[in-house]
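Only a predicted model underlies this, so the values are computations on that prediction, with no experimental measurement involved. Proteins come first, then strands; the chains are lettered A, B, ... in the order of their sequence lines, and each starts at number 1.
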Protein chains: 2
Amino acid sequence: ILEMKDIVKTYLMGEEEQTVLKNVNFSINEGEFISILGPSGSGKSTLMNIIGCLDMPTSGEYILNGNEVKDLEEGELARIRNKEIGFVFQQFQLLPRLSALQNVELPLIYAGVKEKERKERAQEMLIRVGLGEKLKNRPNQLSGGQQQRVAIARALVTHPTIILADEPTGALDQKTGYQIMDLFKELNREGRTIVIITHDENIAKNATRIVKILDGCLSEVAS
Amino acid sequence: ILEMKDIVKTYLMGEEEQTVLKNVNFSINEGEFISILGPSGSGKSTLMNIIGCLDMPTSGEYILNGNEVKDLEEGELARIRNKEIGFVFQQFQLLPRLSALQNVELPLIYAGVKEKERKERAQEMLIRVGLGEKLKNRPNQLSGGQQQRVAIARALVTHPTIILADEPTGALDQKTGYQIMDLFKELNREGRTIVIITHDENIAKNATRIVKILDGCLSEVAS
Ligand SMILES: Nc1ncnc2c1ncn2[C@@H]1O[C@H](COP(=O)(O)OP(=O)(O)OP(=O)(O)O)[C@@H](O)[C@H]1O
Ligand SMILES: Nc1ncnc2c1ncn2[C@@H]1O[C@H](COP(=O)(O)OP(=O)(O)OP(=O)(O)O)[C@@H](O)[C@H]1O
Ligand SMILES: [Mg+2]
Ligand SMILES: [Mg+2]
């Protein structure tokens, strides 16, 4: 479903060049459940943003569903990002002026879903992540872990085929974190492909494959 | 150093009242190292914001260094917040247009520290949290865990007597998280009072006292 060959990502800071991803070779088959582990600053979010077509590599090939992403038009990229990929951001990226329910409805608005169905689906997903009582709260009226769960609900409400979650349990206590992982495992049993970045080895163990990243270099770990 | 009696915090959401802290009785002696554990949404950050004088309780007594906080003038409250308390926010609250170094210098500017000493102290603290190579990066040029460590450095640079850290290791891998806890333990050996909110039992064990919070009610755990 997804293949990366010799992916390099370099940032320019003033005059200095910093290479954050160094010849990453990585492929994902449909229906896999992968965890990406690695220290702070090692390149996990940078890799995830490229997988999710939110950022372009400096060089290398990235083939998604048989197409080289570099050759895709912006309209097609936007379609893939909205319809096929669900992205849980490390810092949630919720819209501050919208309620929890409105934040989760947003991707359904872009997908052209009618209002009645939209509200029902958004509410159902928020109940699934344990926030049935918080539909009207805006982000600054929610705790950190509640905001994170709104971000998870928003990523899942379009029933994406690929779910990319950047540290989805970072702000959650152990019990709530495991509930979210049970939800991801259920979605994976339905056939969805899941990639999770995490620092927590216990969370990583839910995956069928663990990939480690250190200083921009990837290595596979038998799982 | 700090005593709370029958602290209640209630939020008004439209017509509904929601009581988040229910008659919290809690005191902290100078030099203690306390961990606050509890599930997502249980009231930890709400309690911490009241301890740090960033928010007022709906009712109850809060005596800090012998003064009832309600009777303090805004100028005195601001002085306490700047000089005596170091606050690590759950979502970092870094200023997006300033570099890591400038973000850490900010509290020293408010404290009237001269430029040369300010830059030296800010740089030293960033080196201590492992970010010596990232002084010029702005927040959007830093990873999640790197931003968190800038927020930690900013809270510690004024050498506060009380350090309040809301989930300071949430975005960090285990090794980096333990390095930060070593830094907190060192500061505690110097006599500083430390209160940490965390979801991670391993991190909580660094404290000399563990307090659990569930649905707005506090209970002490023998540690
Ligand atoms: N826009 C940018 N400009 C310059 N450097 C950047 C930029 N974005 C990220 N970096 C650097 O790239 C490196 C990798 O960042 P990345 O966010 O991928 O790390 P990470 O593995 O997700 O870390 P964390 O676990 O802390 O979230 C970091 O050292 C960071 O400082
Ligand atoms: N401004 C507000 N208006 C209404 N409700 C609020 C407001 N701020 C917080 N709450 C509610 O108060 C409760 C406690 O929030 P708090 O942020 O203290 O939790 P927490 O224990 O820090 O959780 P987490 O571990 O997820 O960060 C939550 O249910 C939240 O929805
Ligand atoms: Mg990251
Ligand atoms: Mg909180």
Answer with side chain, backbone, both or neither: which region of [X] has an atom nearer than 4.5 Å to a non-hydrogen atom of chain A?
| X | value |
| --- | --- |
| B:Gln147 | side chain |
| B:Lys134 | side chain |
| B:Ser40 | both |
| B:Gln146 | both |

Identify the two heavy atoms, one from B:Ala171 and one from A:His199, that lie closest to each other, and give their separation to 0.1 Å.
O-CE1, 2.8 Å
Between atom [atom1] of [X] and atom [atom2] of [Y], what is the distance when rounded to the nearest 0.5 Å?
| X | Y | atom1 | atom2 | value |
| --- | --- | --- | --- | --- |
| B:Glu16 | A:Glu133 | CD | CD | 8.5 Å |
| A:Asp173 | B:Thr198 | CG | OG1 | 10.5 Å |
| B:Met13 | A:Gln141 | CE | CD | 4.5 Å |

Mind ranking B:Ser45, B:Ser143, B:Pro39 by heavy-atom pairs under 4.5 Å with chain A and telling me who comes out on top?
B:Pro39
With chain A as the partner, which of B:Gly14, B:Gly177, B:Gly144, B:Gly43 has the greatest number of non-hydrogen pairs under 4.5 Å?
B:Gly144
Honestly, the part of A:Asn137 sitting under 4.5 Å from a heavy atom of chain B is both
Proximal component of A:Gln148, with respect to chain B [non-hydrogen, under 4.5 Å]:
neither
[atom1] ([X]) with more than 12 external heavy atoms under 6.0 Å:
| X | atom1 | value |
| --- | --- | --- |
| B:Tyr11 | OH | yes |
| B:Glu74 | CD | yes |
| B:Asp55 | CG | yes |

